[in-house]
Protein chains: 2
Amino acid sequence: MNKPGIPTLDDVAREAKVSTATVSRCLNSPDQVSTKTRDKILKVVKDLGYSPNFGAQALAAKRTNTFGAVVPTMNNAIFAAGLQAFQEELGRNDATLLLASSSYSLKVEEEQIRSLVARGADGLLLIGTQRSKDVYTFLDDRQIPYVIAWSYKDSKKQSCVGFDNFQASYELTLKAIELGHKKFAVISAHTSSNDRAKNRVRGIRKALEDRGFETNNLPCIECDYSIENGSLSFKELMGSPDRPTIIMCGNDVLAAGAVKQAHEMGLKIPDDISITGFDNIELATVIEPALTTVHVRHKRMGMLAAQVLLKQVDDKSYRENIKLDTWIVEGKSLAKPGPVS
Amino acid sequence: MNKPGIPTLDDVAREAKVSTATVSRCLNSPDQVSTKTRDKILKVVKDLGYSPNFGAQALAAKRTNTFGAVVPTMNNAIFAAGLQAFQEELGRNDATLLLASSSYSLKVEEEQIRSLVARGADGLLLIGTQRSKDVYTFLDDRQIPYVIAWSYKDSKKQSCVGFDNFQASYELTLKAIELGHKKFAVISAHTSSNDRAKNRVRGIRKALEDRGFETNNLPCIECDYSIENGSLSFKELMGSPDRPTIIMCGNDVLAAGAVKQAHEMGLKIPDDISITGFDNIELATVIEPALTTVHVRHKRMGMLAAQVLLKQVDDKSYRENIKLDTWIVEGKSLAKPGPVS
DNA sequence: TTTTTGCATGTAAGCGCTTACATTTTTCAT
DNA sequence: ATGAAAAATGTAAGCGCTTACATGCAAAAA
């Protein structure tokens with residue numbers, strides 16, 4: 001009754017006539033084993049089709065080579081490129097990715113984080129800085145390495161691989177001001193639980209204030225990221241008696257929705273209205289006109305995040321703060337405002 | 001030296017003055033435990049911040065509540081919606097998702113599958129039917145449940161939740177023929193390792209043949225799915241002396257690239273050239289003109305796949321084949337061919 | 001009251017692996 | 001050839017949990 005099961009380390013040991021310890025060593029640190037026995041063991045491993053039992057390995061070795069990531073959404077491509085790069089870098093190091101998405105809810109995110117940790121994640125990739133103190137305490141107590149991505153924060157206690165959302169947004173706004181725009185409006189993700197969105201809006205406000213604009217009544221709609229919402233928000237903003245000449249969007253997805261709606265309303269971009277995005281995902285390049293947006297080095301971010309995380313696993317006290325540069329990508333959706341319409 | 005560690009089942013048991021078995025039962029099948037002790041235990045669990053050790057649990061219970069998925073890519077949104085739905089449905093059942101991507105390589109996919117299984121995945125979501133026999137044998141030997149998505153296949157041995165790529169493509173082609181198109185060209189993903197792409201192309205060919213077209217020299221470019229490749233292929237096809245009047249693309253991403261390139265070449269869609277897509281991802285709706293494409297019920301597919309998979313875990317002999325309907329979404333990118341240019 | 005039944009709990013044997021430590025074998029300087 | 005150091009291998013104790021089985025105890029049946 002023992003034959004048709006999945007082979008275990010014991011089976012291999014017996015078949016190869018060595019102890020289980022030797023088999024284990026042969027698999028985990030081959031150079032501690034003589035070439036002769038190694039070959040013998042590897043042959044048996046192959047013959048039997050042995051592959052280690054994950055649970056047992058995790059239990060005994062106290063690590064899983066599995067990393068978790070909680071992203072706000074998988075529904076649009078914002079995180080896709082970064083995640084893919086993250087995953088590939090993990091793969092290069094024989095680790096795999098456990099993925100969860102939180103639908104932009106801090107509460108759900110917290111659950112997901114706990115669940116990933118409970119599943120033995122050796123480390124976590126988290127998006128943005130904003131979450132309850134409890135979460136950080138939880139992770140610190142268990143000494144779970146994590147790295148924060150998509151946001152930059154100078155900190156000795158936490159690693160991050162991000163970029164300056166505030167600054168990038170600030171610069172884009174300055175550019176718009178220099179082109180002569182006077183009436184601004186903003187479509188943003190909800191800022192209450194999203195530090196990136198918050199900083200992007202802050203960047204816009206600061207730039208305006210620095211150039212003497214009054215920002216108290218800056219029209220600003222907050223919604224979930226989706227093309228649909230971009231369209232709706234655009235419609236609403238353009239329905240105002242005092243139409244803006246430029247609408248700055250929290251990301252490319254919203255901007256794409258805005259552009260779409262502009263077409264439907266028969267508005268010419270950028271003659272009738274300028275629109276800007278953020279992220280420079282592929283979407284930004286295929287819509288007409290191409291978006292003026294902020295390029296974010298998603299792939300690099302994902303890859304570096306994985307590297308930092310892996311270092312932290314080896315050295316629990318290792319920390320690194322990496323700030324990636326961003327730059328404005330000139331599309332055709334931002335130009336100086338046309339004559340008053 | 002025992003205090004500052006992570007609490008274990010033993011700690012809980014000791015603190016609550018019951019046996020470990022009772023604690024375990026309390027957590028896994030609460031109704032086997034009296035209300036009184038249950039409350040007592042749960043309080044201790046909370047106080048101690050106990051959370052079960054994954055490896056130990058997996059080892060003892062022989063299941064992980066973790067499911068794996070290997071998608072060809074995360075770089076574009078083709079699989080995003082389906083995966084998100086899959087993940088959400090798993091979440092509703094206290095399971096999580098292990099994700100890997102294969103970059104459309106069968107070899108990489110096989111590795112990923114083995115790796116996911118080694119990591120204790122209770123079941124797998126696989127995209128499409130095309131993979132080596134060994135993989136299926138491997139999975140069957142270990143009795144790992146899996147469900148095939150994105151493709152439909154009538155089979156008593158395998159579960160699938162998919163749609164008829166061939167038929168959908170066939171119908172779209174018929175529609176184009178009826179509009180009067182005579183010169184077809186195709187941009188497809190590589191068909192050698194991708195049954196969906198293969199069937200979509202087959203659908204086109206069959207429709208053409210059924211209507212008396214010669215398909216031996218149907219221009220057909222195969223490339224990886226990307227906007228860039230869509231553009232390049234489009235350029236190549238339109239560089240031919242005998243320009244097609246319609247280019248049918250294997251999916252929306254390629255079509256978006258084609259559309260982009262058409263704009264750059266100053267070609268009007270659909271007057272100068274018709275373009276069709278496949279998948280009806282959001283991208284299809286924001287480009288100008290909106291794509292005529294095939295709607296695929298991605299979300300539903302993801303959700304159903306999760307449900308089937310969960311059923312298979314409970315009952316290893318359960319199998320189900322679900323074919324979802326698809327339909328043509330009328331955009332503005334397909335119309336009758338203009339006068340000979 | 002005594003016996004039966006069934007629920008609540010405890011006991012303890014693993015699950016398959018890693019690794020500290022012990023033991024044996026090989027290598028090599030003397 | 002000899003002994004010490006180094007290398008290879010073996011022994012066995014867990015890792016933290018689940019669960020079959022045994023036990024205890026109160027309610028139901030006789």
Side-chain angles (χ1 to χ4, degrees), chain A residues 1-2 5-42 44-45 48-66 94 117-122 142-143, chain B residues 1-2 5-42 44-45 48-66 94 117-122 142-143:
Chain A
M1 67 156 279
N2 201 18
I6 293 170
T8 69
L9 236 211
D10 275 302
D11 297 331
V12 176
R14 198 173 316 117
E15 189 79 10
K17 302 187 199 314
V18 296
S19 71
T20 61
T22 305
V23 178
S24 176
R25 275 188 293 255
C26 174
L27 264 23
N28 297 307
S29 26
D31 33 71
Q32 285 182 35
V33 169
S34 74
T35 321
K36 208 175 126 195
T37 43
R38 195 191 311 160
D39 291 347
K40 184 171 58 178
I41 291 173
L42 290 180
V44 175
V45 164
L48 261 45
Y50 168 78
S51 121
N53 178 87
F54 178 68
Q57 204 166 341
L59 182 57
K62 299 179 183 312
R63 70 190 147 54
T64 59
N65 273 324
T66 298
D94 299 314
V117 170
R119 280 194 163 63
D122 286 343
R142 305 191 180 230
Q143 299 227 55
Chain B
M1 64 156 281
N2 201 17
I6 294 171
T8 69
L9 235 212
D10 276 303
D11 297 331
V12 176
R14 198 173 316 117
E15 190 79 9
K17 301 188 200 315
V18 295
S19 71
T20 60
T22 305
V23 178
S24 177
R25 275 188 292 255
C26 175
L27 264 24
N28 297 308
S29 26
D31 34 72
Q32 283 181 35
V33 170
S34 74
T35 322
K36 209 175 124 195
T37 43
R38 192 191 316 158
D39 291 347
K40 185 171 59 180
I41 291 172
L42 290 180
V44 175
V45 165
L48 261 45
Y50 168 77
S51 122
N53 178 85
F54 178 69
Q57 205 166 342
L59 182 57
K62 299 182 184 311
R63 73 192 144 53
T64 58
N65 274 322
T66 299
D94 299 314
V117 170
R119 278 190 167 65
D122 286 342
R142 309 199 173 221
Q143 298 227 53

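No experiment lies behind these values; they were computed from the predicted model shown. Every chain is numbered from 1, with letters handed out A, B, ... down the list of sequences.
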[X] [atom1] - [N] [atom2] separation (whole Å):
| X | N | atom1 | atom2 | result |
| --- | --- | --- | --- | --- |
| A:Arg119 | D:dC17 | CZ | C1' | 15 Å |
| B:Arg14 | D:dC17 | CZ | C1' | 15 Å |
| A:Leu48 | C:dG16 | CG | P | 14 Å |
| B:Lys36 | C:dC7 | NZ | P | 19 Å |
| B:Arg25 | C:dA12 | CZ | C1' | 12 Å |
| A:Leu9 | D:dC15 | CG | P | 19 Å |
| A:Asp11 | C:dG16 | CG | P | 9 Å |
| A:Asp39 | D:dA8 | CG | P | 13 Å |

Restricting to non-hydrogen atoms, name the atom on [X] and the atom on [Y] that form the minimum distance, rounded to 0.1 Å.
| X | Y | result |
| --- | --- | --- |
| B:Arg38 | B:Asp31 | NH2-CA, 4.2 Å |
| B:Ala13 | B:Val23 | CA-CG2, 3.7 Å |
| A:Leu27 | A:Tyr50 | CD2-CE2, 3.7 Å |
| A:Pro7 | A:Leu48 | CG-O, 3.4 Å |

Please report the interatomic distance [atom1]([X]) to [atom2]([Y]), rounded to the nearest 0.5 Å.
| X | Y | atom1 | atom2 | answer |
| --- | --- | --- | --- | --- |
| B:Thr8 | B:Asn53 | OG1 | CG | 9.0 Å |
| B:Ser24 | B:Gln32 | OG | CD | 9.5 Å |
| B:Gln57 | B:Asn28 | CD | CG | 6.0 Å |
| B:Arg25 | B:Ser19 | CZ | OG | 6.0 Å |

Side chain of [X] - closest among [options]:
| X | options | answer |
| --- | --- | --- |
| B:Ala60 | C:dG14, C:dC21, D:dT19 | C:dG14 |
| B:Lys62 | C:dC15, D:dA12, C:dT9 | C:dC15 |
| A:Leu59 | D:dC15, C:dC21, D:dC17 | D:dC15 |
| A:Thr22 | D:dG10, D:dT19, C:dT9 | D:dG10 |
| B:Ser34 | C:dA8, C:dG16, D:dC21 | C:dA8 |
| A:Ala21 | D:dT19, D:dG10, D:dT18 | D:dG10 |
| B:Thr8 | C:dT18, C:dG10, D:dC17 | D:dC17 |

Exercise. For D:dC15, does either OP1 or OP2 sit under 4.0 Å from a side-chain N or O belonging to B:Asn53?
Worked result: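 No, outside the criterion.
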Exercise. Does a side-chain N or O from A:Gln57 land closer than 4.0 Å to OP1 or OP2 of C:dT18, or not?
Worked result: yes
Exercise. When all nucleic acid strands are considered with a 4.0 Å heavy-atom cut-off, which category describes B:Phe54: base, sugar-phosphate, or nothing?
Worked result: nothing
Problem set entry | Divergence of helical axes at both termini of the helix from C:dT4-D:dA27 to C:dT30-D:dA1 - five pairs an end, 10° steps |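 Answer for the end axes of this duplex: 30°.
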Problem set entry | Qualifying residue, where the test is side-chain contact (heavy atoms from CB on, under 4.5 Å) with A:Arg14 and the options are A:Asp10, A:Val18, A:Val12 | A:Asp10
Exercise. Relative to the 5' end of DNA chain C, which residue comes earlier, A:Arg63 or B:Gln32, by the nucleotide with the nearest heavy atom?
Worked result: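 Its nucleotide being nearer the 5' end, the pick is B:Gln32.
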For this session: Taking atom types as modelled, find out whether A:Arg119 and A:Thr66 have a side-chain donor-acceptor pair closer than 3.5 angstrom.
Result: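 Looking only at side-chain atoms, A:Thr66 and A:Arg119 do not form any donor-acceptor pair under 3.5 Å.
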Can you tabulate the close N/O pairs, meaning under 3.5 Å, that link protein atoms to atoms of nucleotides 25-28 of chain D?
none

Problem set entry | 5'-most by nearest nucleotide on DNA chain D - A:Val33 or A:Thr20 | A:Val33
